[in-house]
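Here the structure comes first, spelled out in structure tokens, and everything after it is commentary.
Lettering follows sequence order; numbering is per chain, from 1. The analysis underlying the following values was restricted to heavy atoms, covering all of them including side chains, and did not include hydrogens, waters or symmetry mates. No experiment lies behind these values; they were computed from the predicted model shown.
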Amino acid sequence: MDKRYEHKIKEPEVLKKWADAEAFKADIDSGKKPYTIILPPPNASGKMHVGNALMIAIEDLLIRWKRMKGYEALWVPGTDHAGFESQTTFERELKKQGKSRFDYDRDTFYKMMMEFVLNNKNLIEEQFKSMGASVDWSRYTFTLEERSINTVISTFEKMVKDGLIYRSDYVVNYSFKYGTTFSDAEIVMKERTDPLYYIKYGPLTVATVRPETKLGDTALAVNPADLRYKDYIGKEISFDDVTGKNKLKVIGDSYVDPAFGTGVLKVTPAHDKNDYEIGIRHGLEVKQVIGIDGKMTSLAGKYEGMKVLDARKQVVEDLEKMGVMEKIDTTYVHPVPVDYRSEDYIEQLVLPNWFIKVDSLKKAGLEAVQKGHVKIFPKWQEITYTRWMENMRDWAISRQIVWGIRVPAWYSVDENPNLFVTFIKGGKAVSGKVSHLLSKYELGEISSGLQSLFAPNKAKYVVQKDSPGAGFLPETDTFDTWFSSGQWPLITLGYPDSRDYKHFYPTDVLETGWEIITRWVSRMIMFGIYLTGKPPFKEVYLHGRVMALDGKKMSKSLGNVINPEEYQTEFGTDALRMGLISGTANGKDFAFPKDKVLAYRNFSNKIWNMVRFLFLLAEEENLSSEEMKSYRPGDSEKDSTDLEMYDDFKELVKSVDKSLSKYRFSDAGDAIYHYMWDKLASTYIEDVKSRENPELKKVGLKNLSYLLINCLKVLHPFMPFVTETIWGEFLEKGLVEKPLLAKTEWPGV
RNA sequence: GGGCUUGUAGCUCAGUUGGUCAGAGCGUUCGGUUUACAUCCGAAAGGUCCCUGGUUCGAGCCCAGGCAGGCCCACCA
């Protein structure tokens, strides 16, 4: 054996052993009880970050432990297409070539994206392999492969049949730049200084930062408790507007804050979420003055066709000319919604979208947790889950992006003359109402060059995967990524009729970061119960977030991102894994100092040298392999220390089992670390090596060998590489039988 | 504004139902290498367990209030 444990040489050797033996392929027919984890799928075109590394370390620990405990352990890998994120990455690439997605029709763009992702997918898979993840690669799934798409589509079809799907106008976060909606989760508020305009509406004055939306006003609102305006409620006021004479009703709504501005609010349901809700409460008309192209619509009268900001300028100018601009506060600071990635401004628009009615689903999802069918660790995260579920509103599942699973709906052009389509013809985009376009173009041309389609809210549609025939155009929206990943346990296991599904569903534990409990965990529980009657997992373990060395959240802009690969290279994968594990006690966020990784690199080397020394001494004492191998503790100890070490080992195994079953990984790892280092290395080896009596020394060595072999087993789930490597050394000496430690049974005590 | 969460040695953190619970790793200081490992061994220094009250025979641990962080959700036009 070498003087040091060289992880750079040994790790690839170990990986090859496992791969050659197909060690982690789960066998349905083994007769063993299944234990299943579905890997939260990382972005297929991304690369491994330290959060992924933590996830692998924890899940691999659980899986290896259960596998050794005699379960048929299945860990299913996969990758996610990460709709919006991947598409924007790809579009950045396109931009470098002077292209954009507006240069391509939908199908061509999708194919290009697929090629791009398939080319990049390899990277993260290789990185996961290098971490020693004992996943079953034969069951690997990608969210955009045929099988996934079919499952997602049939779920959608079932939901349509069950009356859970509807199309509706809704105020969505819309980016003109990216031409798509964003979920609320993708929006952040950013402070900005904007002029606050005080505009006269007859006798009343309204403060607003968006005067151009006044064209879409359908009421004025005041707080019913506000004595200043009490008498106006229910009355209609007339005033001169930029588009001529106008009238608006005054309504009372407690949403209005009397202390802000003048205490009078202009209500623009089409362009503000809160206004939209006020509109619903009071039955107001929705008047859309900003179009999907970012320009004013025909409802904006003379401002039609102007871009939003130009219209704003013009409206302000006109208001000033009319003398109804009371004042302008230029120091007003307020939060505006922006895309959290690019910080581009987000417009609120009313658009037709596909929705899921969540009432029945969320009720079942809530019950599953409240009744303990799904247990969440740490327990306090249940509150997050419960609150989110209780407040969950209908879920808008459509996205105006290409990279995803297309909503399987089709529109008849005869029945829907108002479909607004954009298609590529001879390299150029042509847009318009389909009824107009058909006078100039063939439907086939439109269909094959189709880029996007907007169907009015009341459009008639047919739901099915393939085209119903000539005369139909497809929906171009795709599903929200969470719609497909919410079905991930079902997709990966081949719901509804595969053997895997029948054998391994429901899975045992879902392990993921707490920040997606709302977006992902809740959806999986809902879909699982909806489709199968059972939640997809029995327990949820939520790990904390790995923070940077400075204790702050890692971000590219702060430059404090920890690259797990660097630690892997410098200290070894085992050290990285153990370093991450030893900070996860309560599922809290934790800083990740390099010291920890270093400490476990030293530990790897320590174990290596303990074994090396054992072999050296055994040779000196002429101990035969047979003699060592046949030894069992209790056979022939003369020295109480020998038995004491064995008793301590038994205690160790019990405490490790207990800690792991409670997801207390750090406790378990620490216990092994201290047993091996403090007891076996620092105390016991020193004792044995100084024994004068050769018989006692031999017994000590045999006992030591036995204990080390068994320690390797207990440590294996934590530090699979160094333990498997050393196992190979024991195997070579004929001291153990099983070729792979990973497939060895856990010590029975 | 609503909610969750944290405050223990220089740093990163354990401390599970209140009773050897004042700990670990790293760092610091001192001392060690004739049979493993300097990625080592031994030893030491270092804490008002955020503050103030309370419950208790007894409190990092329970309760109340405060101070200071972190995060999530919602956002006043």
Side-chain angles (χ1 to χ4, degrees), chain A residues 1-7 184-185 187-189 194 196-199 206-211 213-214 217 220-221 223 255-268 271-275 278 332 334-337 378 380-388 391 514-515 517-518 544-545 547 549-553 570-572 575 578-579 582-617 619-620 658-659 662 664 666-667 669-671 673-674 677-678 681-682 685-686 689-690:
Chain A
M1 287 173 80
D2 298 327
K3 198 172 172 184
R4 290 175 190 161
Y5 171 65
E6 301 285 356
H7 66 266
D184 288 343
I187 301 301
V188 292
M189 304 306 278
D194 280 311
L196 182 63
Y197 303 96
Y198 285 74
I199 302 165
V206 168
T208 179
V209 288
R210 305 199 51 194
T213 62
K214 83 188 302 293
D217 290 348
L220 294 176
N223 193 305
Y255 168 78
V256 181
D257 178 4
F260 184 87
T262 58
V264 184
L265 170 71
K266 63 193 248 338
V267 187
T268 322
H271 300 293
D272 185 279
K273 230 165 237 188
N274 294 308
D275 290 12
I278 295 173
Y332 178 59
H334 69 141
V336 294
W380 53 265
Q381 290 285 8
E382 266 186 33
I383 298 167
T384 315
Y385 176 86
T386 308
R387 285 173 52 85
W388 163 268
N391 297 325
W514 56 258
E515 68 268 30
I517 184 170
T518 52
R545 199 162 38 192
M547 308 301 259
L549 296 168
D550 53 11
K552 289 190 180 137
K553 196 169 155 178
E570 191 174 353
F571 302 113
M578 198 65 167
S582 77
T584 56
N586 285 331
K588 291 185 305 199
D589 294 348
F590 62 100
F592 186 42
K594 207 173 181 173
D595 295 345
K596 272 205 236 174
V597 189
L598 178 110
Y600 290 110
R601 190 275 311 262
N602 294 353
F603 184 47
S604 306
N605 191 55
K606 186 71 192 179
I607 308 162
W608 177 260
N609 272 288
M610 286 164 77
V611 174
R612 205 179 130 216
F613 192 47
L614 166 72
F615 290 165
L616 253 162
L617 292 178
E619 204 174 334
E620 246 176 43
K658 196 176 163 194
S659 295
K662 291 194 290 186
R664 298 192 59 97
S666 196
D667 289 357
D670 273 5
Y673 178 91
H674 288 293
W677 200 312
D678 300 347
S682 299
I685 290 184
E686 293 304 319
K689 94 179 175 193
S690 64

When we call it a touch if two heavy atoms are under 4.0 Å apart, what does A:Arg210 touch: a base, just sugar-phosphate, or nothing?
nothing
Angle class for the A:Trp608/A:Tyr5 ring planes (parallel below 30°, perpendicular above 60°, tilted otherwise)?
tilted
Output a table of nitrogen or oxygen pairs between the protein and nucleotides 32-36 of chain B separated by less than 3.5 Å.
unit_1	atom_1	unit_2	atom_2	d
B:rU35	O2	A:Glu620	OE2	3.3
B:rA36	O2'	A:Asn609	OD1	2.4
B:rA36	O2'	A:Arg612	NH1	2.7
B:rA36	N6	A:Glu686	OE2	3.1
B:rA36	N3	A:Asn609	O	3.1

For A:Tyr332, report the nucleic acid contact type (base, sugar-phosphate, nothing); a contact means any heavy atom under 4.0 Å.
sugar-phosphate
For B:rG31, the Watson-Crick or wobble partner whose two distances fall under 3.5 Å:
B:rC41
Nearest to the side chain of A:Arg664, which nucleotide is it out of B:rU16, B:rC71, B:rG3?
B:rU16
With the side chain of A:Trp514 defined as its heavy atoms from C-beta on, choose the nearest nucleotide among B:rC72, B:rC37, B:rC13.
B:rC72
Sequence neighbours excluded, which residues qualify as side-chain contact (heavy atoms from CB on, under 4.5 Å) partners of A:Thr386?
A:Leu366, A:Gln370, A:Glu390
CG of A:Asn274 versus C1' of B:rC75: gap in Å, rounded?
7 Å
How far does the P atom of B:rA14 sit from the matching atom of B:rG3, given to the nearest Å?
26 Å
A:Met547 CE to B:rU6 C1': how many Å, rounded?
12 Å
Determine yes or no for a side-chain-to-main-chain donor-acceptor pair under 3.5 angstrom, with A:Asp272 supplying the side chain and A:Thr268 the backbone.
no
Show the numbers, then the answer: is there a side chain to side chain contact (heavy atoms under 4.5 Å, CB included) between A:Arg612 and A:Lys3?
CA-CA 8 Å; A:Arg612 205 179 130 216; A:Lys3 198 172 172 184; 3.5 Å; yes
Candidates B:rU12, B:rC76, B:rU5 - which lies nearest the side chain of A:Tyr255:
B:rC76
Between B:rU8 and B:rU52, how many Å separate the two P atoms, rounded to a whole number?
16 Å
Separation of B:rC41 atom C1' from A:Asn605 atom CG, nearest Å, is 14 Å
Any strand counts, and the cut-off is 3.5 Å on both contacts for Watson-Crick or G-U wobble. Which nucleotide pairs with B:rC76?
none
Does B:rU55 have a Watson-Crick or wobble mate here (both distances under 3.5 Å), and if so which one?
none
Atom NZ of A:Lys594 to atom P of B:rC13: distance rounded to whole Å?
18 Å
Atom C1', compared across B:rC37 and B:rG70: separation rounded to whole Å:
41 Å
Could you measure between the two P atoms, the one in B:rA38 and the one in B:rU34, and give it in whole Å?
14 Å
Among all residues two or more places apart in sequence or in another chain, which pass the side-chain hydrogen bond (donor to acceptor under 3.5 Å, both in side chains) test with A:Ser604?
none
Using the P atom on both, measure B:rA64 against B:rG46 and round to a whole Å.
36 Å
Quick one: does any side-chain atom of A:Thr208 pair with a main-chain N or O of A:Tyr197 as donor and acceptor, under 3.5 Å?
no
Suppose we screen for ring-ring contact (aromatic ring centres under 6.0 Å, His included). Which residues come up paired with A:His674, at least two apart in sequence or across chains?
none
Residues in salt bridge (Lys or Arg N to Asp or Glu O under 4.0 Å) contact with A:Arg210, at least two apart in sequence or another chain
A:Glu212, A:Glu347
Parallel, tilted or perpendicular: which fits the ring planes of A:Tyr600 and A:Phe603, with parallel below 30° and perpendicular above 60°?
perpendicular
Would you measure the distance from the P atom in B:rC73 across to the matching atom in B:rC62 and give it in whole Å?
28 Å
At a cut-off of 3.5 Å, list every protein nitrogen or oxygen paired with a nitrogen or oxygen from nucleotides 17-22 of chain B, distance to 0.1 Å.
none

Base-pairing assignment for B:rG10 (Watson-Crick or G-U wobble, both under 3.5 Å):
B:rC26
For atom CD of A:Glu515 and atom P of B:rC4, their distance in whole Å
20 Å
Residues in side-chain hydrogen bond (donor to acceptor under 3.5 Å, both in side chains) contact with A:Glu686, at least two apart in sequence or another chain:
A:Lys689
Does B:rG60 sit syn or anti, given that only angles within 90° of 0 count as syn?
syn
In chain order, what residues pass the side-chain hydrogen bond (donor to acceptor under 3.5 Å, both in side chains) check against A:Tyr198, with sequence neighbours excluded?
none
Between B:rG18 and B:rG27, how far apart are the two C1' atoms, rounded to whole Å?
33 Å
Going by ring-ring contact (aromatic ring centres under 6.0 Å, His included), name the residues that satisfy it together with A:Phe613, two or more places apart in sequence or in a different chain.
none
Report the base-pairing partner of B:rG46 (Watson-Crick or G-U wobble, both distances below 3.5 angstrom), or none.
none
For B:rU39 versus B:rU12, give the span between their P atoms, rounded off to a whole number of Å.
25 Å
By side-chain hydrogen bond (donor to acceptor under 3.5 Å, both in side chains) - contacts of A:Thr384 (at least two apart):
A:Gln381
Please report, rounded to the nearest Å, how far the C1' atom of B:rC4 is from the CG atom of A:Asn391.
14 Å
Would you mind reading off the distance between A:Lys662 atom NZ and B:rA14 atom C1', rounded to a whole angstrom?
14 Å
Distance, rounded to the nearest Å, where A:Asp194 contributes CG and B:rA77 contributes P:
10 Å
The side-chain contact (heavy atoms from CB on, under 4.5 Å) partners of A:Val256 (sequence neighbours excluded) come to A:Ala221, A:Asn223, A:Leu265
Using a 4.0 Å cut-off on protein heavy atoms (strictly under), produce a 5'-to-3' string for nucleotides 23-29 of chain B with B for base contact, S for backbone-only sugar-phosphate contact, and - for none.
-SSS---
Of all the nucleotides listed (B:rA14, B:rC41, B:rA77), which has the minimum atom distance to the side chain of A:Trp677?
B:rC41
